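Not measured: the values here are computed from a predicted model.
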Amino acid sequence: MQEAVLESPGRLVLVERDEPPPPSRGEALVAVRRVGICGTDHHAYGGTQNFFRYPRVLGHELAVEVLAVGPGVTRVKSGDPCAVLPYISCGSCRACERGRTNCCAHIDVIGVTRDGGMRERMLLPAVNLFSDSSLTFDQLVLVETLGIGWHAVRRAEPRQDDQVLVLGAGPVGLAVAQAARGRSESLVIGDASPERVAFASESGFDALLVDAEFTTRLLDRRGGTLPSVVFDATGSRASMENAFELTGPCGTLVFVGHTTGSVTFQNPGFHARELDVRASRNATVGDLEHVIAAVRSGSLDALGWINHRTTLARIVEDLPRLAANPGRVVKTVVDIGQPLPEATT
């Protein structure tokens with residue numbers, strides 16, 4: 001069995017491993033069919049990803065096919081196509097007791113703190129599998145990203161009269177925008193990449209280039225008022241710090257992306273505008289269930305984001321190029337193995 005191992009920053013290698021053992025109680029043996037590549041993987045390759053240790057098998061955005069299940073598993077069965085919740089929580093800490101499993105004190109994240117799915121087969125906790133035979137593997141692999149956006153919007157709780165700004169037009173920013181669209185009277189996406197601004201515009205969003213004139217154009221677009229809800233999905237310290245200045249009075253600023261080190265802001269403006277600042281981390285079981293239902297109904301559709309495909313054999317050469325030019329590709333998907341025939345919706 002092959003897997004792609006990130007041995008150290010800038011060094012991704014393809015290695016041969018033994019086959020996984022049979023699944024134990026509560027586990028499922030799965031064949032990995034799709035792996036999505038995102039900013040987390042780019043940062044891990046570059047050595048700037050929080051919570052990351054090397055060596056590590058990447059891959060947290062997964063669509064899998066169940067091959068076998070262990071004793072006691074009734075949630076899924078052999079042959080089921082599944083999305084994967086990559087966050088493994090302890091169930092007993094204060095956050096878990098409050099239903100905030102996404103920020104569990106002892107959380108493990110597949111592909112970040114434990115080995116992920118950039119391999120042909122793996123064992124997973126069955127409770128982290130979400131089966132839906134009406135969705136294709138391409139749809140299932142996008143569920144985790146959409147869940148990140150869904151959770152962020154739940155954290156902000158925008159109202160219909162809010163003006164929303166999403167900073168970052170990568171997959172996570174687009175997921176936030178999709179989840180927020182229709183919940184408020186106006187929504188703008190901003191990004192420093194002309195290619196991503198163009199893609200967001202082609203996807204039906206009001207998108208602006210983030211440059212020296214961005215704030216002026218944003219104010220012109222919104223009648224001279226700053227947005228009341230701002231999401232920063234860039235993972236850029238400079239963007240996160242500037243987001244304080246882009247959030248209007250009584251507004252809410254949500255950091256969806258994160259960066260290493262400190263983020264600073266000017267207290268007088270923050271205090272005078274009485275801003276709410278919130279973090280949005282990962283997603284919960286409920287978020288993924290809502291996303292899968294929305295994808296099934298057609299109200300969420302991210303298939304157009306996939307504009308680059310590769311294979312397990314080619315990812316060793318592709319990831320360095322992708323990480324060096326993150327704005328040129330919206331979503332890369334790694335095809336692994338022989339998938340089941342794609343379902344139609």
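At a cut-off of 3.5 Å, with distance as the only test, no side-chain donor of Ser92 or Glu97 sits close to an acceptor on the other residue. Side-chain N/O atoms of Thr311 and Asp335 include no donor and acceptor closer than 3.5 Å. In this model, no donor atom of one side chain and acceptor atom of the other lie less than 3.5 Å apart for Thr136 and Asp138.
Here the shortest heavy-atom pairing between Gly248 and Leu275 reads O-CD2, 3.2 Å. The two residues Thr101 and Ile107 come nearest to each other via the heavy atoms O-CD1, 3.8 Å. What you find for Pro55 and Val5 is that their closest heavy atoms are CB-CG1, 3.9 Å. Across Gly117 and Ile110, no two heavy atoms sit closer than the pair N-CG2, 4.5 Å. In terms of heavy atoms, Pro227 sits closest to Val230 at CB-CG2, 4.0 Å. Here the closest non-hydrogen pair linking Trp305 and Val330 is O-CB, 3.5 Å.
Under a 3.5 Å cut-off, the side chain of Tyr45 and the backbone N or O of Gly10 do form a donor-acceptor pair. At least one donor-acceptor pair closer than 3.5 Å links the side chain of Glu120 to the backbone N or O of Gln2. Of the possible polar contacts, one joining the Ser78 side chain to the Leu67 backbone as a donor-acceptor pair under 3.5 Å is found. Asp301 contributes a side-chain N or O that, together with a main-chain N or O of Leu303, makes up a donor-acceptor pair within less than 3.5 Å. Judged purely by atom type and a 3.5 angstrom limit, Ser239 has no side-chain atom pairing as donor or acceptor with the backbone of Ser236. Within the 3.5 Å criterion, the main-chain N or O of Val329 finds a donor-acceptor partner in the side chain of Arg196.
A 4.5 Å side-chain heavy-atom check between Leu167 and Asp191 finds every atom pair outside the cut-off. Side-chain contact between Met118 and Val334: present, with at least one pair of heavy atoms (C-beta onward) separated by less than 4.5 Å. Under the 4.5 Å side-chain criterion, counting only non-hydrogen atoms from C-beta, Ser133 is not in contact with Asp80. Here the side chains of Phe52 and His43 are not in contact, with every heavy-atom distance at 4.5 Å or above. Here the side chains of Thr252 and Thr247 are not in contact, with every heavy-atom distance at 4.5 Å or above. No side-chain heavy atom of Ile189 sits less than 4.5 Å from a side-chain heavy atom of Asp206. Using a 4.5 Å heavy-atom cutoff, the side chains of Ser184 and Val164 are in contact. Side-chain contact between Glu61 and Thr145: present, with at least one pair of heavy atoms (C-beta onward) separated by less than 4.5 Å.
We find that Arg217 and Glu213 are not joined by a salt bridge, their nearest charged nitrogen and carboxylate oxygen being 4.0 Å or further apart. The residues Glu245 and Arg273 are annotated as salt-bridged, a charged nitrogen and a carboxylate oxygen being separated by less than 4.0 angstrom. Between Asp41 and Arg56 there is no salt bridge, since no side-chain nitrogen of the basic residue lies less than 4.0 Å from a carboxylate oxygen of the acidic one.
Separating the CZ atom in Phe244 from the CG atom in Leu253 is a distance of 5.5 Å, to the nearest 0.5 Å.
Counting only residues at least two apart or in different chains, side-chain hydrogen bond (donor to acceptor under 3.5 Å, both in side chains) contacts with residues 283-292 comprise His151-Asp287, Arg154-Asp287, Thr284-Asp287.
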Quick one, Leu58 with Leu319, criterion side chain to side chain contact (heavy atoms under 4.5 Å, CB included). Give me CA distance, side-chain angles, the key distance, then yes/no. CA-CA 11 Å; Leu58 294 176; Leu319 187 57; 3.8 Å; yes

- Give the C-alpha distance, both sets of side-chain angles, the deciding distance and a yes or no for side chain to side chain contact (heavy atoms under 4.5 Å, CB included) between Gln139 and Val141. CA-CA 6 Å; Gln139 289 173 311; Val141 78; over 6 Å; no

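Each of Leu135, Leu140, Leu288 was compared with Phe130 under the side chain to side chain contact (heavy atoms under 4.5 Å, CB included) criterion, and only Leu288 meets it.
Judged by the 6.0 Å and 45° rule, Arg181 forms a cation-pi pair with Phe205.
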